Enquirer: 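One structure, as structure tokens, below. Some questions next.
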Amino acid sequence: MHFSFMGKQGGSHPEENKSRTSKLPIVDASVPKIMVFPVAMHIGAPAKPVVEIGDQVKAGQIIAEEGGFVSAHVYSSVSGEVIGLEKRPTVGGEADSIIIKNDYQYTKADPIVEPGHSHEMSKDDILSTVRKAGIVGMGGATFPTAVKLSPPPGMTIDTLIINGAECEPYSTSDHRVMVEHADEIIDGINLSRKLFPQLKKIYIGIEDNKPDAIKKMKEAAAEFDDISVRPLKSMYPQGSEKTLIQNLAGREVPPGGLPAEVRCVVANTSTIRSVYRACEYGEPLIERIVSVSGTPVKEPKNLRVKIGTPMDSLIDDCGGFAEVPGKVFGGGPMMGKTVSDLGVPIIKGTTAVTVLTPEEAHIGEEQDCIMCAECIHVCPVSLQPILISEAFERGNIEKAKELGAMDCIECGNCSFICPSKIPLLENIRSAKAAIKQKEEK
């Protein structure tokens, strides 16, 4: 993968590799017999199963209830029988999962709210519906959306930023949502207005390599004076929250701080569309758009996928592999996580399934650091990735924390640029997990 970096400001220019899917319309994915629903497909406490083996469930029926304030409900995307409650591989490890045998009847559960009344909803109605729908950040972050849309008491929000940057290589799922469902994104934005009485400005940030999406969003937003569709320079990671806030609102989030501290809320385009569909149609979050791409994939596609669908079903929909894959990512090659089992399911935050050849994946043996400082140059938040990685490898978790590990946005620039094949991102992710575990204790 060709790569150049941005110098002092951090960030990089990985090859975009979006052309194979950027013009392809969204099509329905196949739905297999066996569906897998991890109870932890969000940041926060895992959801708690409310079904047992042998239960019959409907499509859109809750199968696991949120496990705390920062958590999210899980719904079945099909009707059928619960045949298992067990640990299963998932993106990033394994998780307790609910296994459902699809009966192909798609018998629907009642909507979560009465459809057709979103325009009458109060602030509390919207927030309770978003929570009830199990919506989380669909750009990959998976933070529960109801929590994100409820800033801490005393914090005023005057700027809403909609993230349509989609800077991750290969991924075109948000791109296609903007092209094909621009009106629903605007409807979701207009619903969200009720949540922030002091709102003055709404920005929709889209990288300039998506002119068709920019055009569609400008047309959909034309009648609203406070909505500004802003083309952004194509660079990685343009879509990170702090970068968007800096580039669109001209504000700097302090290290370790939240967007709300600078009066901003940032939401992904697909997330805000799901907010609208939950409130207007009573739909819980049971499907999402996923782009499947990469050199080994025979027929890359943008698929409308029922959550819980194993990845191998999507690969089959795309004609299988034309050559042996080197790496498969849940997500893109920068921030995504590698999967070794194609039986892992699509979850709420799976934006893409990306497949690389061994050559593209830079598969090779790790070597000692050559002190080139490339990882420092490309870090968009001005960290020293190699030092954090080395601190983690020595078991010095406190040092990793002092070096700012918790401020890492996990963009993956450092790992991709490293000529020594040091797993910097993996080590920093592990350091962050160790820091959290220590603080919880």
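Since this is a predicted model, take the numbers as computed values, not measurements.
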Enquirer: Looking at Phe224 and Asn190, what are the two nearest heavy atoms and their distance?
Expert: CZ-ND2, 3.2 Å
Enquirer: When rounded to the nearest 0.5 angstrom, what distance separates OG in Ser270 from CD1 in Ile135?
Expert: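 Between atom OG of Ser270 and atom CD1 of Ile135 there are 11.5 Å.
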Enquirer: Salt bridge or not for Glu241 and Lys148, using N-O below 4.0 Å?
Expert: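 Salt bridge present between Glu241 and Lys148.
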Enquirer: Using a 3.5 Å distance criterion without hydrogens, assess whether the side chain of Tyr236 forms a donor-acceptor pair with backbone atoms of Gly412.
Expert: no
Enquirer: Could you check whether atom CD of Glu86 has more than 12 heavy atoms from other residues, nucleotides or ligands sitting under 6.0 Å from it?
Expert: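 Yes.
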Enquirer: Would you say that more than 12 heavy atoms from the other residues, nucleotides or ligands in this model lie under 6.0 Å from the CD of Glu426, or not?
Expert: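 Check fails, neighbour count at 12 or below.
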Enquirer: Testing Leu244, Val381, Ile409 one by one against Pro237 for a side chain to side chain contact (heavy atoms under 4.5 Å, CB included), which residue passes?
Expert: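 Testing each of Leu244, Val381, Ile409 against Pro237, the sole residue satisfying side chain to side chain contact (heavy atoms under 4.5 Å, CB included) is Ile409.
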Enquirer: Might you work through the side-chain hydrogen bond (donor to acceptor under 3.5 Å, both in side chains) test for Gln105 and Ser79, ending with a clear yes or no?
Expert: CA-CA 6 Å; Gln105 299 301 306; Ser79 57; over 6 Å; no
Enquirer: Sub-3.5 Å donor-acceptor pair from the side chain of Gln367 to the main-chain atoms of Lys421, do we have one?
Expert: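 Not confirmed, Gln367 side chain does not pair with Lys421 backbone.
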Enquirer: May I ask you to test the Pro385-Ile376 pair for a side-chain heavy-atom distance under 4.5 Å?
Expert: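 Touching, per the 4.5 Å side-chain cut-off.
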Enquirer: Output the distance between atom CG (Asp174) and atom CG (Asn163), rounded to the nearest 0.5 Å.
Expert: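 These two atoms lie 7.5 Å from each other.
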Enquirer: Quick check: are there more than 12 heavy atoms from other residues, nucleotides or ligands sitting under 6.0 Å from NZ of Lys432?
Expert: yes
Enquirer: Within a 6.0 Å radius of atom NZ on Lys58, are there more than 12 heavy atoms belonging to other residues, nucleotides or ligands?
Expert: no
Enquirer: Return yes if some donor-acceptor pair links the side-chain N/O of Ser77 with the main-chain N/O of Ile307 below 3.5 Å, else return no.
Expert: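 Confirmed, Ser77 side chain pairs with Ile307 backbone.
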Enquirer: Hey, is Lys201 close enough to Asp226 for a salt bridge, meaning N to O under 4.0 Å?
Expert: no
Enquirer: If you measure from CG on Asp212 to NZ on Lys210, what distance do you get to the nearest 0.5 Å?
Expert: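 Reported to 0.5 Å precision, the distance equals 9.5 Å.
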Enquirer: Checking the side chain of Arg88 only, and the main-chain atoms of Pro38 only, is there a donor and an acceptor separated by less than 3.5 Å?
Expert: no
Enquirer: For atom NZ of Lys108, decide whether the heavy atoms of other residues, nucleotides or ligands shown that lie under 6.0 angstrom number more than 12.
Expert: no
Enquirer: Quick check: does any side chain N or O of Ser420 sit under 3.5 Å from a backbone N or O of Cys418, one acting as donor and the other as acceptor?
Expert: no
